[in-house]
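Please read the structure below before turning to the comments.
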There are 2 protein chains.
Amino acid sequence: MPSSTRSSGAPRTSAAPRASAAPRTRRTDPDRRDRIIDACLDVVAEHGVAGTTHRKVAVAADVPLGSMTYHFEGMDELLRLAFERFSQAMSQRFEDRMAAVTTREEALDAVTAIISDDVFTDDRELVLTHELYTFAARRPEYRTLTRNWMAASRRALERHFDPATARLIDAAIEGLTIHQAFDPAPRTQLDVPAVVRQIAAIHASDAP
Amino acid sequence: MPSSTRSSGAPRTSAAPRASAAPRTRRTDPDRRDRIIDACLDVVAEHGVAGTTHRKVAVAADVPLGSMTYHFEGMDELLRLAFERFSQAMSQRFEDRMAAVTTREEALDAVTAIISDDVFTDDRELVLTHELYTFAARRPEYRTLTRNWMAASRRALERHFDPATARLIDAAIEGLTIHQAFDPAPRTQLDVPAVVRQIAAIHASDAP
DNA sequence: GGGGGTAGCGTACATTCGTACACACAAGGT
DNA sequence: ACCTTGTGTGTACGAATGTACGCTACCCCC
């Protein structure tokens, strides 16, 4: 089909199904770029980085295929931006939780809650987290993302614990969370609150 | 090029460069299947699950493309087998290390060594581990692999520690290892040997 | 209010993918 | 020695992908 066909009176043959009937002319959608990044995360969560293509993201974001190469250098840049957004959202949430408690006791409870409940609730975040880790594992230049995330967690924990303890608790959250997700029913149940308290007691140090 | 060309006297037009000059006729390569699985791990390590294709694996294993679909149902089966092999090799190595030490003191040293040195040495294993985690995160039916791996680690640790401590040490190895790999130079250096010893002291219990 | 400039899009194309299938060749019974 | 059998392979094909590129329609300045 030569391009002259469209220059005639054909109203608009859109490939993507338009959800609303609004005509939505051009240049009136300034957060298109943002929507694409969000849609990219959805696609990654569903199909994995392996199955993430320009076309799938375009459909998910309800934008034309051409927007993909227009707004982004390529899949790599898009993935980097998407993971950047994801990791920032995750560490923001963690910081908020830690900022919401005041006493050390409450902080310990919060850590316990994170370990016990966090991963069970949301499979999407489990998947995205590991997609991000894998992405960073393969390309050292993107480890800034994971480094920032981990640094932010430690910083948040340091509001309540000394640096060494914060580092240890952070690692414990990581390890216990992963093992809980991938091996939900180990033979030996762990008394998470007690463990967290005892880890925090290893470095018998004061905290703000 | 019609197929009749090969039926004439052409010696063998192989697409992949044959390393040795041995003619290697058919039916004389019984570990072809194994080699393909190993090659699949190499390809995954280099290009990620995302970039792993029948063709790349075939080239890496130096087998014809047709062998891929002949020996395996599809990429999924191949990946499953490859990750199965990888996870078994990893947990075997862990078990061996733990079986090699006799006293609890030596066990603590071994754990310390694993946390401190393991990940730095080999980037390939870091990548493959996380590719496996991601694979398992997306498809719960393949979490058997991770479950078995983690169960094996715990079992190995239980040769020297009580179950609760084993579980905790296992999680600590996971968390510290990951954070060390993704954030190699945190502000606060951790005294790994001391930490390991203190974690092991949390459950003041006896062990064989 | 109208014309130029450019942001944004639709589409075609070369490439690469998984898979199907006809066919060649080694092995073993006779 | 031959024929039969079924394992293993080369190749062709449809589907799907990333990217280039020309054209449309909005915005801004005069």
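Residue numbers begin at 1 in each chain, while the letters A, B, ... track the order of the sequences.
Of the possible polar contacts, none joining the A:R147 side chain to the B:D183 backbone as a donor-acceptor pair under 3.5 Å is found. A side-chain donor-acceptor contact under 3.5 Å links A:E106 to the backbone of A:T102. B:T146 contributes a side-chain N or O that, together with a main-chain N or O of B:R143, makes up a donor-acceptor pair within less than 3.5 Å.
In this structure A:H130 satisfies the ring-ring contact (aromatic ring centres under 6.0 Å, His included) test together with A:Y133, A:F182, B:Y133, sequence neighbours excluded. Every residue meeting the ring-ring contact (aromatic ring centres under 6.0 Å, His included) condition with A:Y142, not counting sequence neighbours, appears here in chain and number order: A:F135.
One interatomic measurement links the two molecules: CZ of A:R33 to P of C:dC9, which rounds to 13 Å at whole-angstrom precision. Taking atom NE2 of residue B:H71 and atom P of nucleotide C:dG18, one finds them 17 Å apart after rounding to whole Å. Whole-Å rounding puts the B:F72 CZ to C:dG18 C1' distance at 15 Å. One interatomic measurement links the two molecules: CD of A:E73 to P of D:dG18, which rounds to 15 Å at whole-angstrom precision. Look at CE on A:M68: it is 12 Å from C1' on D:dG18, rounded to the nearest Å. As rounded to whole Å, 13 Å separates atom P of D:dG8 from atom CZ of B:R35. Atom CD1 in B:I36 sits about 14 Å away from atom P in C:dG18, given to the nearest Å. Rounded to an integer number of Å, the gap from A:L65 CG to C:dT11 C1' is 9 Å.
Listed by residue number, the members of residues 46-57 of chain A with any heavy atom below 4.0 angstrom from DNA chain D are A:T53, A:H54, A:R55.
Salt bridge absent: A:R80 and A:E73 never bring a charged side-chain N and a carboxylate O closer than 4.0 Å.
Distances shorter than 4.0 Å separate none of the side-chain N or O atoms of B:R32 from OP1 or OP2 on D:dT7. Between A:S67 and C:dC9, a side-chain N or O to OP1/OP2 separation shorter than 4.0 Å is present. For B:Y70 and D:dG8, the shortest distance from a side-chain N or O to OP1 or OP2 is below 4.0 Å.
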